[in-house]
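Data block below; observations after.
Proteins come first, then strands; the chains are lettered A, B, ... in the order of their sequence lines, and each starts at number 1.
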Amino acid sequence: MITLVKRPTPSQFWAYATPLLAVFATMVAGGILFAALGKDPIAAIKVIFYDPLFGPNAAYFRGQLLVKAGPLILIASGLAVGFRAGIWNIGAEGQYIMGALAGASVALAAYPAESHLLFPAMVVAGALGGWLWGMIPALLKTAFGTSEILVSLMLVYVAQNFLAYAAFGPLKNPDGYGFPGSRNLQQYPSAHNPELIAGTGMHWGVVAAFLAVIATYVLMQRHIAGFRIRTAGEAPRAARFAGVVPAKLVMFCLGLSGAFAGLAGLFEVAGPNGQITDSFNAGYGFTAIIVAFLGRLNAVGILLAGLLMALTYIGGDMAQLMLGLPTAAIQVFQGMLLFFLLGFDLLTHYRLRLGRARA
Amino acid sequence: MDRRSFLKTTAATATLAGLGLPAWASDEPLKIGFIYVGPVGDMGWSYQHDVGRRAIEEALGDKVQTTYIENVPEGPDAERALTQLALEGNQLIFATSFGFMDATVNVAAKFPNVKFEHATGYKRSENLGTYDARFYEGRAIQGTIAGRMTKTNKIGYIGSFPIPEVIQGINAAYIHAKKVNPDVEIKVVWAYTWFDPAKEADAAAALIAEGCDFVLQHTDSTAPQAKAQEAGNVYTFGQASDMEAFMPSPRVASTIDNWAPYYVERATAALEGTWSADATWGGIGTGMVKIGEITEAVPAEVKAEAEKLIEMIGSGEYHPFTGPLNKQDGSVWLAEGETPDDGALAGLNFFVEGVSAEMPK
Amino acid sequence: MIGGIDIVTLIAALMAASTPVLLAATGELVAEKAGVLNLGVEGMMILGAVAGFATAVTTGSPVLGFIGGAIAGALLASLFALLTQILLSNQTATGLALTLFGLGLSALFGKGFEGIRPPPTTKIDLGPLSDMPVLGPILFHHDWVVYLSLILVAVTWAFLKYSRMGLIIRAVGENHDAAHALGYRVIAVRFAALAFGGALAGMGGAYLSLVRVPQWTEGMTAGAGWIALAIVVFASWKPERVLIGAYLFGGITALQLQLQAAGYAIPVHLLSMAPYVITVLVLVILSATHRHGAPAAPAALGRSFHASN
């Protein structure tokens, strides 16, 4: 009989070793899966993990890694702060949509005027849109004690319908031959969020993601507010004695994660995506929740987890192309990676002991 | 508009294959890539494109090598997937969803030596052509059969999205139903999805409840077919794929997206060095729109009439939108004998006179 | 007929339309009552859809198909239980990963089952009852799974409210430490509740592929699992209200389509938001009225349990 004994403090060794162990286990399990599908497992693993980074066209894919990871890291950084405080915003997808809608609306209202002030105004609008959408569960939680998990999730669907309404109605491109979708902001110089250095994938959203990692690191590790947030999550009663006002904390965490998600949406719609369509949101808000946990709710961890997640997407596409693996196999592979990463985390917090349980 | 002859293409292909002529100078096969918006197993839109891809391999054998990426979300992921295909050395790339348009434009600009083809779009360049099918031609056949056979004089239509392609289809179905049955009415339900079985089933149920005994669908699942079968005495048409599982009834005929002849032709052109960026809008005549078997549930004289219409549309003798036709508000759209130019048709955004449904705003 | 809408048909239609989400939501409710939030309902449903379809086609028996769907859903739920209950992983993240995994796995298993029609699921013929006006089409014109789903709701209600096991589940969901101290096996209870939830989600998925569509295609659940999650919240964790919630969510879709069919131009997207907005309002009303009493949501919902905590 194996029993679990909680470690007094999380193990430093296992904190670093478990992700490596999980990736290794995924390679083994994934290899078995790929072999079962009649593909060369070693080649498949290499195509997924190695080729995007060091393969023949790696220069392009490294840039794309940033494009794909940028929004995930930006959203996850905001979410992790709240998760640390025990405030569960799982509606980032909705805040992402509302940020994009708000930012794009500013641009489309100004079209075709050119001004250097437009892009900054869009950034503010994007952050505000996400912030406002995050404030709905925050206010309901502080005023009535309504669960923010459920309200924020419900608001994702409201936002999705609102997005479809906007794409077919008010934001529809008048020159688009009746097809749904807004004007493409990539063709509107003042509103475009372009690659800052051609070929690197670096755009303002990626910059914002890096800044978010640094800011949340400083906040959580070096600032008194971070200490309060962590205390609130780990020992809510003690936090009250330490002067934490729960209502303020809820507003701060949901507002911050909402604003970050809104920014991610804005940078995406003004940059890589270009337009508002009814299928604009590609699930970044939900994937970011996974990224936050894979990164152990820690700023640097999230950076690495976001890049790893992006790597499986890009490598997965490559495996389809080079080896003819179906997307379904890639989804199963990603699922296994997440299960192993989440499951093995146990070793960081608990010690396995052989012997009989006491109770 | 460049109308291609299906016969000429297949003949050329047969010759190539038969004689084994080395059309591609080097030993390297021509690499051809596809991106699909859905899974190849969707049995509808993406599946039909994949049937076309496999037709290229079948027709051209080891002169070509095809690959695809499925389930590609529209937006930056599409742009990356297209770039990936180009970087992997694909010389001819098909982007098979309207939503891939701007991504394809961007990637085509970056790879001037690669040939791109975008389905159902309207943006072209030196190395980016577009292609689309005149699905409305199939709707004319469906309208004729439905108009003749309906007992309730009510025809239901499940629309996906209010976009020109779907509006063309509703108009074509209504015009031809009305032509053979002046009392016919058309009822339109917008599902706002291309594929959602549960919602499509509900939409079909709603139309059947309104007394429609024909349900036409512009969505891809077979759920409306199942609903019709359950209701009894309600007929349907296969959409995108043949949906032959519901033959002979409720599915009495079908409009099949048949990309195979076009794909084979374009691949052959690329091999021979004669490819150029065109705007192709194929129909029954070129084989891009194929009418599936009309079953025995359709009376013989109606079947004959439908077949006559298929022939007339196919030969170019008859255009499904031939005036006199008025717009829904009563103003004149087409004068006696007039047909619309393809540009106007491609942007069609109004119903014809007699359709009672309101266009969603 | 009211305003061109045939109410009888509408109700009959939405009963069948709501069956998949009703089953999935009832299952999820039991899991949440035990204190576990499993966001992987969509993944369990679609795995149930393919497993049910494959079983029914292979054996020729829709009954076996539904059993197969239930087993597949329960197996996937057990994986979730293993991760969250024994390996103590975060429930939200694990649930999301479970959906991804289920979608992929179902597509892999489903290769080769596309384009086939399953054996028909029989309608129960209740003779004269079925021919009654109004009540006939509404109540006595369905297949057996519709009745089974209604029975399951009733059984779940009675089980949670009156049985000893139901009491234990609720205790575990409210305060796992106290339940543990009383000698209940928290992890075993949650494992069972999750497996039950997975089984019902799998059955709901099988209903989609065997009755609703009926066909197997990749991604065919199209978000039904997420609606089931919303319904549990709407129902404020009460089985009898799950029935209302499922019919409301299904009903609004059916209603907006019927309004369109009757020729009304309606703002579809704004109407489609309505059930979610209503759910938020219900949540607010519940939490406002329960301010000083027992909260509506199980208190331990979403928290990990470890005996030495």
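- Shown here is Y47(B), whose OH atom has no more than 12 heavy atoms of other residues, nucleotides or ligands within 6.0 Å.
- Heavy-atom pairs under 4.5 Å with chain A were tallied for A103(B), P164(B), G347(B); the largest tally goes to P164(B).
- D62(B) CG: 12 or fewer foreign heavy atoms inside a 6.0 Å radius.
- With sequence neighbours excluded, the residues that form a side-chain contact (heavy atoms from CB on, under 4.5 Å) with Q328(B) are F351(B), V355(B).
- For the set T83(B), N349(B), D77(B), the count of heavy-atom pairs under 4.5 angstrom toward chain A peaks at T83(B).
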field: F161(B)/D278(A) under side-chain contact (heavy atoms from CB on, under 4.5 Å): CA gap, chis, key distance, verdict
entry: CA-CA 11 Å; F161(B) 296 96; D278(A) 64 322; 3.6 Å; yes
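- Contacts between residues 51-69 of chain A and chain B, counted as heavy-atom pairs separated by less than 4.5 Å, involve N57(A), Y60(A), F61(A), Q64(A), K68(A).
- In this structure, the portions of L85(B) lying under 4.5 Å from any heavy atom of chain A include both its backbone and its side chain.
- Interface check for chain A: of the options V40(B), T67(B), L87(B), the most heavy-atom pairs under 4.5 Å are formed by L87(B).
- For residues 38-45 of chain A, heavy-atom neighbours of chain B at less than 4.5 Å comprise no residues at all.
- Nearest heavy atom pair, residue Y122(B) against residue D175(A), reads OH-O, 4.2 Å.
- Distance check: L185(A) CG to D102(B) CG gives 10.5 Å after rounding to the nearest 0.5 Å.
- Taking the six-membered ring where the residue is Trp, F179(A) and F98(B) present parallel rings, their angle staying beneath 30° rather than reaching 60°.
- For M322(A), the part lying near chain B is the side chain, with the backbone staying farther off; criterion is any non-hydrogen pair under 4.5 Å.
- Side-chain contact check for N106(B) and Q186(A): at least one donor-acceptor pair (N or O, by modelled atom type) lies under 3.5 Å.
- Heavy atoms closer than 4.5 Å to chain A are found nowhere in K31(B), neither backbone nor side chain.
- Proximity of F168(A) to P360(B): side-chain heavy atoms (C-beta onward) are nowhere separated by under 4.5 Å.
- Side-chain contact between L321(A) and Y68(B): absent, with no pair of heavy atoms (C-beta onward) separated by less than 4.5 Å.
- Surrounding CD of Q187(A) are more than 12 heavy atoms belonging to other residues, nucleotides or ligands, all under 6.0 Å away.
- Interface with chain B: from residues 263-276 of chain A, residues E268(A), P272(A), N273(A), Q275(A) qualify, criterion being any non-hydrogen pair under 4.5 Å.
- No more than 12 heavy atoms of other residues, nucleotides or ligands lie within 6.0 Å of CZ in F162(A), so this atom counts as exposed by the packing criterion.
- In plain terms, the two heavy atoms of E70(B) and Q320(A) that are nearest each other are N-OE1, 2.8 Å.
- In terms of non-hydrogen atom pairs under 4.5 Å with chain A, the most contact-rich of R80(B), E79(B), E165(B) is R80(B).
- The 12-atom threshold is not exceeded at CH2 of W204(A), counting heavy atoms of other residues, nucleotides or ligands nearer than 6.0 Å.
- Neither the backbone nor the side chain of T66(B) comes within less than 4.5 Å of any heavy atom of chain A.
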